[in-house]
Structure formats: structure tokens, C-alpha cells
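Sharing a structure here in C-alpha cells format.
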2 protein chains.
Amino acid sequence: MSSKLKFPEGYRLTKQRKAILEILENAEIPITAEDVFFRLKENKINISLSTIYRNLEMLCKEGLVIKSYVMGKDKARFALPDKKNYLICESCGKIVIIDNCPFDKFKEELKQVYGFDITGHSVEVYGICPDCKS
Amino acid sequence: MSSKLKFPEGYRLTKQRKAILEILENAEIPITAEDVFFRLKENKINISLSTIYRNLEMLCKEGLVIKSYVMGKDKARFALPDKKNYLICESCGKIVIIDNCPFDKFKEELKQVYGFDITGHSVEVYGICPDCKS
DNA sequence: TTTCAAATGCAAATCATTTGCAAAAAATTA
DNA sequence: TAATTTTTTGCAAATGATTTGCATTTGAAA
Ligand SMILES: [Mn+2]
Ligand SMILES: [Mn+2]
Ligand SMILES: [Zn+2]
Ligand SMILES: [Zn+2]
């Protein structure tokens, strides 16, 4: 697990934080705080849910983690920034990450039209996955 | 308030539902259930919060309304589908709707690459608004 | 090591959202 | 229109994800 992440200044690198980040690095898609909790437990690492929530919040504030809500679900999800754009199947709920999100190409256009300096974006695309079509 | 909306079959067109839809039609950006509640109250229309939640859920299920979460806020937001793509200022929180979302152009590309039949999408773009830059 | 602010775990609190149920209102029928 | 049927509403209570208080532990600086 070679963590390519630069841990934010001013925070202590605790074993809990290392473990939470490792779970997020290994996750394929955005996951809930509870998902993190149980995946840690599978690895014999017991961290309290409140510690997980506190650290996920911190990591979001520092920009290492993105928080989002998946359509139809009521719990917040967390993921590394490269997993913030995804397709979701309206039939089975499957999530597929969009790599090289085409939306990046529109940063400049958006800046021109709306005057914002764009720093990021997240996209949720709804549809029907190949499995559910057949 | 000429409601261009076709009210879904199988539901009764109550005065509460008309009023809630009118608030959403007049809203500039996605708003919370509580926002709906207080805007109705300003118009001397008292509808219980639970009725608002129940109807917003129904309208979402029927596709007339889109539910989303704005970055950094903890309450669900609701809007008509033409307001589901927006820019948000990371500094002041201002939200600006994106008209003619450029993402539409990528439906076909996404279908080719991921095999999904695309039915919709929502985009949240983060940035700094013109006011906050100066 | 010693020191001490920061972080954790646990239990309790919060609060956005959901739900049960009796009363009210919409659609249907006569 | 009036009666009938079914849906919807309002209110209060419950739920459950997330947050918080506080005593204890721990990371890292000196
Ligand atoms: Mn909250
Ligand atoms: Mn819930
Ligand atoms: Zn599917
Ligand atoms: Zn701003």
C-alpha cells in the first residue's frame, strides 16, 4: 500500500488515520463511514465510528477526500478524489467510476461564461448498466 | 405561475402538492424541505414538514424533482430537473445554475465506453465566484 | 524520557428525516 | 348533490446517521 498521499500538515499521523486512508485507497467506489468501519474490522482493526467520522471530515476539509451522496441512498459516501465521478445503474445500483472525466474539458468554458475560477467538480450519471439491459 | 408540469398519474392533485410545486418552480436553486416549509409560510400557507417530505419524495420518484446534496451542507436539496447542474462558490456558498450543461454532449461517449444507457446526470462544480475573487 | 496538545473511545445528544394513526380531503359512484 | 371509497394530511413519536462531551491515551517535540 504505497500511499502516494501527502498527509496534511498540522495533524498527527495516527494508526487510525493511516488505516482509514488505506481503506479508501483500496475502495473501488465511494463508501460510507460504516463501510470503512466494517472493512477495518475485517482486518482486525477496531476503530470507533466517531473517530472514523471525525477523520473523514478532517480529510475532506484538507481536500484528500471527497464526500458525496449517491442517488437513492441516505448515508454520506467518501472516496479519494479520483473516484468522484461515476455512473450509477438505476436498476441495480452498481457504481462505475468514470476515468478521465470529459467534464474537465469544460473548465475554461465555464470560467468564461460564469466568471468562476473552477477548482473541481463531481458528476453523477444515471443510467442502466449492461447487465440490467439484458 | 403557469405550471408546465404534467402532474403524475395515480396521485391526487391536492392544494399542498400544487403549493409545493409552485415553490420549486419559483426557486432559483435547489432548496431544502425546510426552505419549502418557510417559503410556504411566507405565503400564508401552512403545510406540515412531513407532508413536504412525503411529497418531495413522491415527486422525486416520479421524476419531476431532483434530490441532491450541496457540498458542505447536511440537508437534502430539491429542485426541478433544469436546476440540477450548478456551480458553487467554495468561499461564499453562492450557487449558480448551469444552463445547457455541456455534459449532455458526452452521453454517447459514455455509452460507448461504459455500456450504460444514460438517462440523466447531475454536476456540481466547485470554484470561486467573481465577487469572492475581488 | 518527559511533556503536553491533539486524538481516541465510549456514551449520550442532536437533528434531519421517517412513520403510525386518526382526521380531513380528493376522486368515484350513485 | 350526497354517499362511498381511498388517498393524503397533520401531529406526535420514532428512527438513525452523524456529532459531541469528556476522561483517557497517544504522537511527536524538546
Ligand atoms: Mn447534523
Ligand atoms: Mn434515515
Ligand atoms: Zn444494473
Ligand atoms: Zn463567492
Side-chain angles (χ1 to χ4, degrees), chain A residues 3 5-24 30-41 43-62 64-79 93, chain B residues 3 5-24 30-41 43-62 64-79 93:
Chain A
S3 182
L5 300 171
K6 38 239 154 277
F7 195 76
E9 303 280 330
Y11 296 96
R12 294 178 180 176
L13 185 44
T14 65
K15 59 173 181 280
Q16 288 88 343
R17 285 172 175 162
K18 279 184 240 181
I20 292 168
L21 277 172
E22 186 175 331
I23 294 295
L24 292 176
I31 59 180
T32 67
E34 213 178 6
D35 290 334
V36 175
F37 177 82
F38 285 115
R39 291 181 193 197
L40 286 165
K41 182 167 283 186
N43 290 54
K44 313 293 182 198
I45 299 173
N46 285 78
I47 299 179
S48 78
L49 244 193
S50 52
T51 292
I52 293 171
Y53 272 112
R54 272 189 284 234
N55 282 318
L56 289 172
E57 180 189 28
M58 179 277 273
L59 293 166
C60 285
K61 182 162 53 172
E62 296 303 324
L64 277 91
V65 168
I66 300 288
K67 181 180 181 178
S68 65
Y69 287 82
V70 167
M71 174 173 67
K73 305 300 182 63
D74 57 345
K75 297 183 194 173
R77 311 237 154 197
F78 302 88
Chain B
S3 180
L5 300 171
K6 38 245 157 271
F7 195 77
E9 304 280 329
Y11 297 94
R12 292 179 181 177
L13 185 46
T14 63
K15 60 172 182 281
Q16 288 88 343
R17 286 172 175 160
K18 280 184 238 180
I20 291 168
L21 277 171
E22 186 176 329
I23 294 295
L24 291 176
I31 58 180
T32 68
E34 212 178 7
D35 290 335
V36 174
F37 177 83
F38 285 115
R39 291 182 193 197
L40 287 165
K41 183 168 284 186
N43 292 53
K44 312 293 182 201
I45 300 173
N46 285 77
I47 299 179
S48 78
L49 244 193
S50 52
T51 292
I52 294 171
Y53 273 111
R54 272 190 283 235
N55 281 319
L56 289 173
E57 181 188 28
M58 179 278 273
L59 293 166
C60 286
K61 181 162 53 176
E62 296 304 324
L64 277 92
V65 168
I66 299 288
K67 180 180 182 178
S68 66
Y69 287 81
V70 166
M71 174 175 66
K73 304 299 182 62
D74 56 346
K75 296 183 195 173
R77 311 239 156 196
F78 302 88

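Convention: sequence-line order gives letters A, B, ...; per-chain numbering from 1. Just so we're clear, the structure is a prediction, and the values are computed from it rather than from any experiment.
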- Query: Of the nucleotides dT18(C), dT19(D), dC11(D), which one has an atom closest to the side chain of S50(A)?
  - Reply: dT19(D)
- Query: Please give, in whole Å, the distance from dT18(C) P to F37(B) CZ?
  - Reply: 16 Å
- Within less than 4.0 Å of OP1 or OP2 of dG9(C), is there a side-chain N or O belonging to T51(A)? yes
N/O-N/O pairs, protein side and nucleotides 28-30 of chain C side, under 3.5 Å:
none

- Note on the structure: note: R54(B), atom CZ; dC21(C), atom P; distance rounded to Å ~ 13 Å
- Item | Sequence-distant partners of T32(A), side chain to side chain contact (heavy atoms under 4.5 Å, CB included), two or more places apart | E34(A), D35(A), K75(A), R77(A)
- Item | For I66(B), side chain to side chain contact (heavy atoms under 4.5 Å, CB included) partners two or more places apart | Y126(A), P81(B), K84(B)
- Atom CE of M58(A) and atom CG of L64(A): how far apart are they, to the nearest 0.5 Å? 8.0 Å
- Item | Closest contact, heavy atoms only, L49(A) versus A33(A) | CD2-O, 3.9 Å
- Message: Would you compute the distance between atom CD of E62(A) and atom CD of E9(A) and round it to the nearest 0.5 angstrom?
- Response: 10.0 Å
- In whole Å, what is the span from the CG atom of N55(A) to the P atom of dA6(C)? 15 Å
- Query: Looking at the side chain of K75(A), which of dT17(C), dG10(D), dT18(D) is the nearest nucleotide?
  - Reply: dT18(D)
- Query: Checking all strands, does A76(A) fall into the base, sugar-phosphate, or nothing category for heavy-atom contacts under 4.0 angstrom?
  - Reply: sugar-phosphate
- Task: Using whole Å, report how far CG of L56(B) lies from P of dT19(C).
- Result: 15 Å
- Message: Among L24(B), I20(B), I31(B), I45(B), exactly one meets side-chain contact (heavy atoms from CB on, under 4.5 Å) together with R39(B). Which residue is that?
- Response: I31(B)
- Only counting residues at least two apart or in another chain, list the ones meeting side chain to side chain donor-acceptor pair (under 3.5 Å) with S48(A). S50(A), T51(A)
- When you measure from every atom of DNA chain C, which of residues 11-18 of chain A have a heavy atom less than 4.0 Å away? Y11(A), R12(A), T14(A), Q16(A), R17(A)
- Message: Among residues at least two apart in sequence or on other chains, which ones pass side chain to side chain contact (heavy atoms under 4.5 Å, CB included) with A79(A)?
- Response: P30(A), K83(A)
- Item | Test side chain to side chain contact (heavy atoms under 4.5 Å, CB included) applied to T14(B) - qualifying residues, sequence neighbours left out | R12(B), Q16(B), R17(B)
- Atom CD1 of I47(A) to atom P of dC10(C): distance rounded to whole Å? 12 Å
Any protein N or O atoms within reach of nucleotides 23-25 of chain D? Criterion: under 3.5 Å, listing atom names and distances.
none

- Measure the shortest side-chain to side-chain distance between L40(B) and I52(B) over non-hydrogen atoms and say whether it is less than 4.5 angstrom. yes
- Message: Please report the distance, rounded to the nearest Å, between CZ in R77(B) and P in dT17(C).
- Response: 10 Å
- Item | Which nucleotides of DNA chain D pair, in dot-bracket form (Watson-Crick or G-U under 3.5 Å, | meaning another strand) | ||||||||||||||||||||||||||||||
- Query: Rounded to the nearest Å, what distance is computed from the CD1 atom of residue I45(A) to the C1' atom of nucleotide dG9(C)?
  - Reply: 16 Å
- Item | Interatomic spacing from OH in Y53(A) to CZ in F37(A) - rounded to 0.5 Å | 11.0 Å
- Message: According to ring-ring contact (aromatic ring centres under 6.0 Å, His included), who are the partners of Y69(B), at least two apart in sequence or on a separate chain?
- Response: Y69(A)
- Grab the CG-P distance between N46(A) and dG9(C) for me, whole Å please. 9 Å
- Query: Which heavy atom of L21(A) sits nearest a heavy atom of L59(A), and at what distance?
  - Reply: CD2-CD1, 4.0 Å
